[in-house]
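Structure first, then comments.
Side-chain atoms are counted along with the backbone in the values below, which use heavy atoms only and exclude waters and symmetry mates.
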Amino acid sequence: DAYRGRMNMLYAALIEKATVTALVAACEREHLTLEGIGIAELALAAVTRQLSGVENLSLALLHMTGDTGSINLIENGYLYLTRTLEMSTGSGYSGNVDFQPDPTDNLALDIQRSLDYYERQLGKSGVNRLYLVTESQQQQQWCESLSQRLPIRAHLFPMADLLGMEQTLRLEPNPGRVAPGSEAFTMSSGEGVRRSLAVELSVGGRPLFVVVNHWSSKWDDDKAFGAV
């Protein structure tokens with residue numbers, strides 16, 4: 001679907017057969033029914049179809065997860081290009097160009113390379129909008145800085161709104177037992193282990209969920225309850 005009189009182009013997603021075989025075998029061992037194998041980048045592209053006002057527009061999604069990230073160029077829910085980025089442990093960016101004091105300087109250069117390739121090599125029209133997909137509060141503040149360095153505006157991707165998710169998760173009651181009504185923890189139907197305790201904490205203004213296990217009650221009980 002390239003323009004400017006170029007030939008039609010076909011895009012394919014490839015995966016090694018050994019990887020698929022291993023996934024199928026793992027599901028069979030656990031007696032699970034495998035309905036499909038998802039690809040994160042394609043799933044992210046599909047979610048963009050729920051955005052309003054972006055029909056026939058080209059979008060760039062900057063997906064950042066910890067020390068890794070990717071730039072995904074999408075049009076009408078179809079993924080045309082994805083490139084992997086290496087993020088530093090401090091939520092900054094470690095590209096392969098000279099060091100810059102602002103982490104978004106190098107990142108903007110790498111994004112611009114992808115935008116240029118998308119237009120010049122793939123024959124697509126220019127990207128119209130950039131979205132940041134990240135849970136890091138520090139990285140969420142990069143929108144304005146990237147907008148100043150690129151020819152397109154950067155926005156936070158409204159993932160929670162598109163998926164119908166609540167903005168925040170809460171544990172009720174807090175603290176509380178995990179699956180308090182499950183027979184897995186009873187003396188008659190299960191192994192008679194102590195129920196795990198879940199608690200929600202606040203660390204640096206962000207929620208942290210902790211599950212506490214009483215490990216000594218979960219093993220070395222062969223004589224009384226059978227092998228674990």
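- Shown here is Glu135, whose CD atom has no more than 12 heavy atoms of other residues, nucleotides or ligands within 6.0 Å.
- Seen from the ring of Tyr78, Arg49 counts as a face-on cation partner, given the 6.0 Å and 45° thresholds.
- Between Arg113 and Asp116 there is no salt bridge, since no side-chain nitrogen of the basic residue lies less than 4.0 Å from a carboxylate oxygen of the acidic one.
- Without hydrogens or angle criteria, Ser147 side chain to Ala154 main chain gives a donor-acceptor distance under 3.5 Å.
- Between Ser70 atom OG and Leu61 atom CG the span is 8.5 Å, to the nearest 0.5 Å.
- A single hydrophobic cluster is not seen to contain both Ile37 and Leu42; linkage of ILVMFWY side chains at heavy-atom distances under 4.5 Å, directly or through other members, places them apart.
- Using a distance-only test at 3.5 Å, with no hydrogens or angles considered, no donor-acceptor pair links the side chain of Gln139 to the main chain of Thr134.
- Annotation: side chain of Phe157 is not in contact with side chain of Leu132 (no heavy-atom distance under 4.5 Å).
- Under the 30°/60° scheme for interplanar angles, the aromatic rings of His155 and Tyr131 are found to be tilted.
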Could you go through the salt bridge (Lys or Arg N to Asp or Glu O under 4.0 Å) check for Arg153 and Glu144 one step at a time? CA-CA 8 Å; Arg153 294 289 302 175; Glu144 185 60 33; 3.4 Å; yes
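- Across all non-hydrogen atoms, the minimal contact from Ser114 to Leu81 is O-CD2, 4.1 Å.
- The main-chain N or O of Ala45 is found under 3.5 Å from a side-chain atom of Thr48 such that the two form a donor-acceptor pair.
- For the residue pair Leu197 and Gly176, the shortest heavy atom distance occurs at CD1-O, 3.4 Å.
- Inter-residue side-chain proximity for Leu44 and His63 is flagged as met; some heavy-atom pair is nearer than 4.5 Å.
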Kindly indicate, with the supporting measurements, whether the criterion side-chain contact (heavy atoms from CB on, under 4.5 Å) is fulfilled by Leu208 and Ser202. CA-CA 6 Å; Leu208 174 65; Ser202 179; over 6 Å; no
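- Taking both residues in full, the closest heavy atoms of Glu119 and Gly126 are given as OE1-CA, 4.1 Å, listed atom of the first, atom of the second, then distance.
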Let me see the working for Ile74 and Tyr80 under side-chain contact (heavy atoms from CB on, under 4.5 Å), right down to the final yes or no. CA-CA 6 Å; Ile74 300 163; Tyr80 285 85; 5.9 Å; no
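- Here the side chains of Ser196 and Val212 are not in contact, with every heavy-atom distance at 4.5 Å or above.
- For the pair Tyr118 and Ser58, the tightest heavy-atom approach, listed with the atom from each and the gap, is OH-OG, 2.9 Å.
- Between the Thr104 side chain and the Leu107 main chain, no donor and acceptor come within less than 3.5 Å of each other.
- Under the 4.5 Å side-chain criterion, counting only non-hydrogen atoms from C-beta, Gln140 is in contact with Leu156.
- Looking at Asn72, its side chain never comes within 3.5 Å of a backbone N or O of Glu41 through a donor-acceptor pair.
- Across all non-hydrogen atoms, the minimal contact from Arg149 to Ser145 is NH1-OG, 2.6 Å.
- If you take CG on Leu23 and CD1 on Ile15, they are separated by 6.5 Å, rounding to the nearest 0.5 Å.
- No option in Ile71, Ile111, Asn106 other than Ile71 meets the side-chain contact (heavy atoms from CB on, under 4.5 Å) test with Leu85.
- Between Val133 and Met64 the shortest side-chain heavy-atom distance does not fall below 4.5 Å.
- Leu171 and Leu201 sit in two unconnected hydrophobic clusters of ILVMFWY residues. Membership requires side-chain heavy atoms under 4.5 Å apart, directly or through other members.
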Would you check, one step at a time, whether the test side-chain contact (heavy atoms from CB on, under 4.5 Å) holds for Met159 with Val47? CA-CA 8 Å; Met159 182 69 76; Val47 173; 4.1 Å; yes
Give the intermediate values and the outcome of side-chain contact (heavy atoms from CB on, under 4.5 Å) for residues Val127 and Leu73. CA-CA 8 Å; Val127 173; Leu73 303 185; 4.2 Å; yes
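- Not a single donor-acceptor pair under 3.5 Å links the side chain of Asn174 to the backbone N or O of Val199.
- Of all heavy-atom pairs between Val178 and Ala198, the closest is CG2-CB, 4.1 Å.
- Linking Ile, Leu, Val, Met, Phe, Trp and Tyr residues whenever their side-chain heavy atoms come within less than 4.5 Å places Tyr117 and Leu146 in a single cluster.
- Side chains of Ile152 and Asn128 form no contact here, defined as non-hydrogen atoms less than 4.5 Å apart.
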